[in-house]
A.B. asks: 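Have a look at this one before I ask anything.
The sequence lines fix the lettering, A, B, ..., with proteins before strands; numbering per chain opens at 1.
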4 protein chains.
Amino acid sequence: MAGNTIGKVFRVTTFGESHGTALGCVIDGMPPGLELSSDDLQYDLNRRRPGTSRYTTQRSELDEVQILSGVFKGTTTGTSIGLVIQNKDQRSQDYSEIKDLFRPGHADYTYEKKYGIRDYRGGGRSSARETAMRVAAGSIAKKYLKIQTGIVIRAYLSAMGDIKCPFESWEEVEQNPFFCSNKNKVFQLEELIKKLKKTGDSIGAEITIIAQNVPVGFGEPVFDRLDADLAHALMSINAAKGVEIGDGFSVVNQKGSENRDEMTPNGFKSNHCGGILGGISNGENIFLKVAFKPTSSIRQSGNTINKNNEKVKIVIKGRHDPCVGIRAVPIAEAMVAIVLMDHLLRFRAQCAK
Amino acid sequence: MAGNTIGKVFRVTTFGESHGTALGCVIDGMPPGLELSSDDLQYDLNRRRPGTSRYTTQRSELDEVQILSGVFKGTTTGTSIGLVIQNKDQRSQDYSEIKDLFRPGHADYTYEKKYGIRDYRGGGRSSARETAMRVAAGSIAKKYLKIQTGIVIRAYLSAMGDIKCPFESWEEVEQNPFFCSNKNKVFQLEELIKKLKKTGDSIGAEITIIAQNVPVGFGEPVFDRLDADLAHALMSINAAKGVEIGDGFSVVNQKGSENRDEMTPNGFKSNHCGGILGGISNGENIFLKVAFKPTSSIRQSGNTINKNNEKVKIVIKGRHDPCVGIRAVPIAEAMVAIVLMDHLLRFRAQCAK
Amino acid sequence: MAGNTIGKVFRVTTFGESHGTALGCVIDGMPPGLELSSDDLQYDLNRRRPGTSRYTTQRSELDEVQILSGVFKGTTTGTSIGLVIQNKDQRSQDYSEIKDLFRPGHADYTYEKKYGIRDYRGGGRSSARETAMRVAAGSIAKKYLKIQTGIVIRAYLSAMGDIKCPFESWEEVEQNPFFCSNKNKVFQLEELIKKLKKTGDSIGAEITIIAQNVPVGFGEPVFDRLDADLAHALMSINAAKGVEIGDGFSVVNQKGSENRDEMTPNGFKSNHCGGILGGISNGENIFLKVAFKPTSSIRQSGNTINKNNEKVKIVIKGRHDPCVGIRAVPIAEAMVAIVLMDHLLRFRAQCAK
Amino acid sequence: MAGNTIGKVFRVTTFGESHGTALGCVIDGMPPGLELSSDDLQYDLNRRRPGTSRYTTQRSELDEVQILSGVFKGTTTGTSIGLVIQNKDQRSQDYSEIKDLFRPGHADYTYEKKYGIRDYRGGGRSSARETAMRVAAGSIAKKYLKIQTGIVIRAYLSAMGDIKCPFESWEEVEQNPFFCSNKNKVFQLEELIKKLKKTGDSIGAEITIIAQNVPVGFGEPVFDRLDADLAHALMSINAAKGVEIGDGFSVVNQKGSENRDEMTPNGFKSNHCGGILGGISNGENIFLKVAFKPTSSIRQSGNTINKNNEKVKIVIKGRHDPCVGIRAVPIAEAMVAIVLMDHLLRFRAQCAK
C-alpha cells in the first residue's frame, strides 16, 4: 500500500516526478463555499520555488499552478480539486553519469532496491520538487483556516549551522532570502552560504513553525493526536531528521514543577507543552521545530558504488541549494496547515453539536 | 473522525479507560500461521506494568492479557485478534477532588473542552494505562518480525534529567529498573529518583530505540515514509515531546560532506541518516530518540482552575512515576514494532514479486 | 490488508469466532453525549439471537453484551467503545467429522485455501454468529440517528421461497417469528418451514429495509455514494446475493418518462429512485431489498471433498435455521444504521456550516 | 469526509467536472514493473466514449488520456500515476435554462442541497463523464491482472427494456454498438432505440460481467468481502440501481439442496454462488449483474421545480444516450478490474508467503 496521500478527512494525494511531464495533486474533502483562485496558491508557490534568490537552486521553474476542477465561478463546490503544474525546465541533460550509481545521502539506492526501477532524472519522485504540490494544497488549507477560525500559520529559519536566529519579527521573514526573522543575522547567513558555495559544501538548518489562534479541541487520541500527526507531516518533508513540540528535547532535563503549565482564570501561565495537551490543542500557540540535514548534492568528491556494487567517485554538479532547510519554510507551513485543516474537519465530524 | 487506530495494513484499534471495566484492542491484518499464546504478550506487558519496582508507580495491576479470537490451536488464523485486560485495581477511591478541576500538564482541560464530558477517574482514556494495549499488540508484531525477517527492536533509557546514559550493553538493560544499558549510571539514577520522591517532583527522560536487521525497502513515500510513520507512532505516546531519526537535531550544524553517508562495495561508511534514506529503510540499523516530559502529577502544590474558571490549588497524591520516561521503553519498542510490521505488509502489497 | 472494519468516520471493527472465547468490537468515532446502556443494545441482540423461536436455530446463546469502555455515567464520552459478548454455548462437541472436509456452500474451502488454516468449529469467523456484533453496533447508531435526526430504520421479510409478503404493518413485524409484516402470510410461512424441516432442506428469502426521515445530503460521490455504501454493507452480510435500491432490477424495463421522479413544490411525485439521487439522499424514504440464499447447512446428504481432494458424502446435523434470511432482518437494519451514521458524520465533516 | 477514492491498497482518486478544464485521477499503489503506455488505456476509453455510434450521445470528445507520472521508459515505477484528459468539447452553450432548476432524476437537487452550490454545466461532477477516469484506471488494472494472474474481465448487455440478450459470444460483443453478445438481438435493440429517439424517451438496461481465472483467496471478511466490494464498486456507477452475484435474487426461491454448490475432486459441480463463498473467491468464474435505470435526460416534457420552489416545465434537449446502460459495459468492467486489483494486492499483504 503506497503512501502518496496525507490526511484522513482533508486528503491530499500527490503525483509527479522531478523531470516528468507534470506535478499534480487531488484534494478531496475541501468544504464548499470558499472563494478560491490560482492566485491564492501562487503566493506560497513563489516563496518555495527555486531560482528566486541566489541562495537557492538556480533551476528556473515558474511553477504556475492550474486548478482543473472543484472550483466553479471562483468558489469551491465540495467536489475534489485537481491541481497541476507543468514541468517546464526539464533540461534535456545527460543523466548517463548518475543513472547507474547511487548518490550518497539520496534515495537512489533505496528506490532502486525497493522498486527495482527508478526514474533517475533529478531524483524522480524523491526530489524536493514534489513539495510544490504540498505548498499548493497547504495554501488552500491556510486560506480556509484563516477565514473560518482565524488560524495563522507561519515559519522562519531559526538556525543554520551554528548561527542561531532567534525570533525578531514576522515582517522581516519575507524581507530576506533566508526566511530569517532576525535582521541582524542576515549578513552572517549570507557569509556562510558564500563560503559553502566556494567550498562546494552544504549545511543543515532548523525551522520553527508557529500556529496561532488554533481553537481548543483539535486532535484525536490516542493515535491521531495533533502532535503525532504534526510530527508525521513534518517528518515526511525531504531531509527532515527531527521534530519537536513545545520545549522538545529540553524536557529531558526539566522537572515537573517547571514543565507543567499551570493555569489561572486568565489562561495558561506558560506554554512548555507547545499548545498541545494529551494530543489535543489547548488554545495556546502551537510551537514546532524541525531539523533539516544539509543538502547531500555537493560538489565535493565523494565515495559511492554503482549498480554493479563497484566503487566509484562522485562529484555532483548542477543547481543545488547549499541549504535545503531554507526553502523548507513554506513547505513546513503547508504541512502544518494540511494537518490542522484535517483536524478541523475531524473535529466537526466527531464533536460538532 | 476519531483516532484510535494505528497502522494501515497491520491495524491496531484500542479502547479502554484507566478505571473502566477493561482495556482491549483489535489487531486486524495479522497474517496467518504465527504460533502465538498470551505468554508471548505477557513478557513485555510485565516490563511495562506499574508496580514492578519502587521507581515506578505503585498501582498494582497484573495486566493479564487474554486472547479472545484470531488464534486457533496456538496459531494465528488471519482473522482479527481481540485482546482484553481486565482492570482489577480500580480503587473505589473518591475522585470528587479532581472531577471538577483541571490538573496542570494533563489532558483534563482539553478533553473537557473537546468532548464536553470526561471520565476523570485516573485520567480516563488519556491515562498512560492505555499503553498496555500498545505493548500487547507490539509484542505480536515483534515476534512476527523476528521470525520472518530477523528484525530485533530494543530500547533503553539514554538520559534522565542531566544524567546521560550512553549505551553499554543490552544485557544490562533488563538488569535494572531504569532500562539503563549502562551499569555505572544506575546508582546516579537511583539517587535522582530518591531526591525527586523526597521533594515530590519529577523529571524528563530520553529513550533511544534501535531496530536491527530491517531489510532495505520499508517505507512508502512521499507521505508514509518510514521515518514519518515512526515519528507519528512515537509522538503518539503520552508525554512525548520530540523525536529524532539518526543524528536528529545535530544535523543542523553538520556539513553535507560530513553528513551524507558514503557508500563502498562493503556497505555504508557511516549511518548519520539513522537507517532511512528518502523515507525508505536502507538496510542499516534504525536509530531513534524520543524525549518524554516529566510526570505532571507531582506532590508539589500547583495553580490551576476548576470548571467554573475559578482559581484553585492542587496537590496530586497517589501512585505516580517520578519519571514516566522509564516505562516508555517497552512502549516505544512496541510502537516501532507496530510501524515496521505495517510496513512489512505494505511492502508485500506494493513490491512483492 | 484485512477487512474487519466498516465505516470511515463511524468505524466498527469486529472480532470473534463462532466457538471462540468471545465476540467483540470497537466502535471508534461515536460522538460524545449520547445516553447509552447495554439495555439499548440488548433489544436488537435479542431479535437476532438464535433460539428465540422454533423457526430459527436452537443454539441457545444469551448474547449478553457488555460495554467495556467509552461510556461514563451512562453517557458516551467520545472515546472508543469496546463491546464484548462471551460465547457460552460452545458445546464441547466433536468436530472431527468436519474438520478435514469442506461443507458445500460454506466458506470452509475458501478460508482453508486463503489462510492455510481455519477454525473449523462452527465455521469459525465465517459463521453468522459474527453478526451479533453488527447488531450491537447498529443499535448504537440507530439510537443516535433517531435522537439527532429522527431517522427510523426498519426491515421486514418480504419473501420466502415463492411466498411474497407485501408490506402490511410495522406492528405485525414484531408479532411473529418471521419478521413478516403481513399477518395473512404467517401461516403459509409456518407451513413452508415445517415442510423444510421435515425434508431437511432450506429456502432463500428477501428482506426489505426502509429508512425514514433521512435528511437530504447524505452520501459522498463519486465512489462513496450512499447507495454504493449501502450495497457494500448489505452485501457483506452472510448469504446475501443481491441488493436493490428503489425499483432495483425493475428499472431495466422502465422508460425514462416513467422512472424519473418528477418534482412539484410539494415534493417528489414518486420514489422510483428509492430516496437516493446521484448517490445522495434526497429526503424521501430509502428503499432497499436484499436477497439471501438458502442455508447451506442441510440434513440432506451432499457431495463434497476433503483436504486430500477425495470424494466424500456429507450430512450436516445440528442446529441450523432452515431460512437464514429471517434473522437477517435485524442484521440488515443494523448495517443500514451503521452506514447512515457514518454518512451523518461525514456530512458534518464536509458540509457542516 | 468526501468520497472520491476507491480501493484501499490499489487506490484510485478522481476529479473533474463535465464541463471543467479537465478530468483526471491519481492511481496510488500500482506495483512497479508493468509496461504501460497511454495506448493501453485508450482502447477502453474509446469503447466508453460518447459519439462512437449513433446509439449513444453525440457529444464528441476524443478522450485522449495523458500519463503525467509514475511511468518511466514505458514501465511503471511504483510511484503514483497521474492521468489527465482535457475537456475539449465544452460547448460554450447557454446554461441559463437549467442553472436554476432541478432536472428530474438527476443529482441537481441533491448537490444543491448538500453543497449549497453546484456546477450546473452538464451536471458538473455528477455527470457520467466522470466515468472516463474509472475506465482509464480500470485499463491499467486489467492489464496487470491479465499478465500476473491471467484474469480476464468482460461484460455485455444482457437486457434492454424487455429484450433479453442471453450470452452468445464474446467476439460479437465488440461487433455492434450495444455490446450485445447475441447477433440475433441486435436488430431488435436498434429498433427499440430508434423508437425511443422518436418519442424522446429512454430505457433501462442490464449488464452482465464475468471475471475468469480469478484465483482462490481474494476477499477480506467480514466486511470487505469480495462480493461486498464488488457491489460497492458497481453501485457507485451512475444510474446503477441493483447488483447481483451469481444467482442473485433468484436464490429467494431456491432450496439449499439446489443452491449449495457441491464439490467433487474435479471441482465444483455448479456455480450458483457466482464464484464467491464466504466473501472469498473460490476459483470459479465470477458472475455479476447490474441494473441501470433509463436516462433521466429525455426530450419529453416533465414537471419539476426551480430554486425558488416554483413549479416549472422542463424539456431536456441536447446530446443524450437513450440508454445509459450501453456505455456502462466498459465502465462496469473497469470497476470490477479495480476491485480485483485491490484485492490481489490485499491478498499479497495478508497472505503472501
A.B. asks: With a 4.5 angstrom heavy-atom cut-off, which part of D:Leu23 approaches chain A: side chain, backbone, both or neither?
C.D. replies: neither

A.B. asks: Is there a side-chain contact between D:Thr75 and A:Ile117, using heavy atoms and a 4.5 Å cut-off?
C.D. replies: yes

A.B. asks: Looking at D:Thr13, D:Ile81, D:Ile27, D:Val26, which one forms a side chain to side chain contact (heavy atoms under 4.5 Å, CB included) with A:Phe15?
C.D. replies: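 Single side chain to side chain contact (heavy atoms under 4.5 Å, CB included) partner of A:Phe15 among D:Thr13, D:Ile81, D:Ile27, D:Val26: D:Val26.
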
A.B. asks: Please flag which part of D:Leu68 lies under 4.5 Å from any non-hydrogen atom of chain A: side chain, backbone, both or neither.
C.D. replies: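 It is both, since atoms from each part get that close.
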
A.B. asks: Which one wins on heavy-atom pair count under 4.5 Å against chain A: D:Gly7, D:Gly3, D:Cys25?
C.D. replies: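 Option with the top pair count is D:Gly3.
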
A.B. asks: Between D:Tyr120 and chain A, with a heavy-atom cut-off of 4.5 Å, which part of the residue counts as in contact: side chain, backbone, both or neither?
C.D. replies: both

A.B. asks: Between D:Ala349 and chain A, which part of the residue has a heavy atom less than 4.5 Å away: side chain, backbone, both or neither?
C.D. replies: neither

A.B. asks: Calculate, to the nearest 0.5 Å, the distance between atoms OH and OG1 belonging to D:Tyr111 and A:Thr77 respectively.
C.D. replies: 8.5 Å

A.B. asks: Please report the interatomic distance CG(A:Asn4) to CG(D:Asp28), rounded to the nearest 0.5 Å.
C.D. replies: 4.0 Å

A.B. asks: Over all heavy atoms of both residues, which pair between A:Met1 and D:Lys8 is shortest? Give the atoms and the distance, please.
C.D. replies: CE-O, 3.4 Å

A.B. asks: Counting only heavy atoms closer than 4.5 Å, note whether D:Arg346 contacts chain A via side chain, backbone, both or neither.
C.D. replies: neither

A.B. asks: Could you tell me which non-hydrogen atom of A:Gly29 sits nearest to which non-hydrogen atom of D:Ala2, and how far apart they are?
C.D. replies: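 Closest approach of A:Gly29 to D:Ala2, heavy atoms only: N-CB, 3.6 Å.
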
A.B. asks: Side chains of A:Thr21 and D:Gln66: any donor to acceptor distance under 3.5 Å?
C.D. replies: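 D:Gln66 vs A:Thr21: no donor-acceptor pair found between side chains.
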
A.B. asks: Using heavy atoms and a sub-4.5 Å threshold, report which of residues 335-343 of chain A line up against chain D, by residue number.
C.D. replies: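 Checking residues 335-343 of chain A against chain D gives no residue, so none.
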
A.B. asks: Under 4.5 Å heavy-atom distance to chain A, tell me which part of D:Lys73 shows up: side chain, backbone, both or neither.
C.D. replies: side chain

A.B. asks: I'd like to verify something: which residue of A:Ser80, A:Gly16, A:Gly24 has the highest number of heavy-atom pairs under 4.5 Å with chain D?
C.D. replies: A:Ser80

A.B. asks: Using the rule given for side chain to side chain contact (heavy atoms under 4.5 Å, CB included), can you reason through A:Ser69 versus D:Arg125, listing the C-alpha separation, both sets of side-chain angles and the distance that settles it, and then say yes or no?
C.D. replies: CA-CA 9 Å; A:Ser69 68; D:Arg125 183 74 179 140; over 6 Å; no

A.B. asks: Kindly give the heavy-atom pair with the smallest separation between A:Arg121 and D:Phe72, and that separation in Å.
C.D. replies: NE-CE1, 3.2 Å

A.B. asks: Can you tell which part of D:Thr5 gets under 4.5 Å to a heavy atom of chain A, answering side chain, backbone, both or neither?
C.D. replies: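 Both the backbone and the side chain of D:Thr5 come within 4.5 Å of chain A.
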
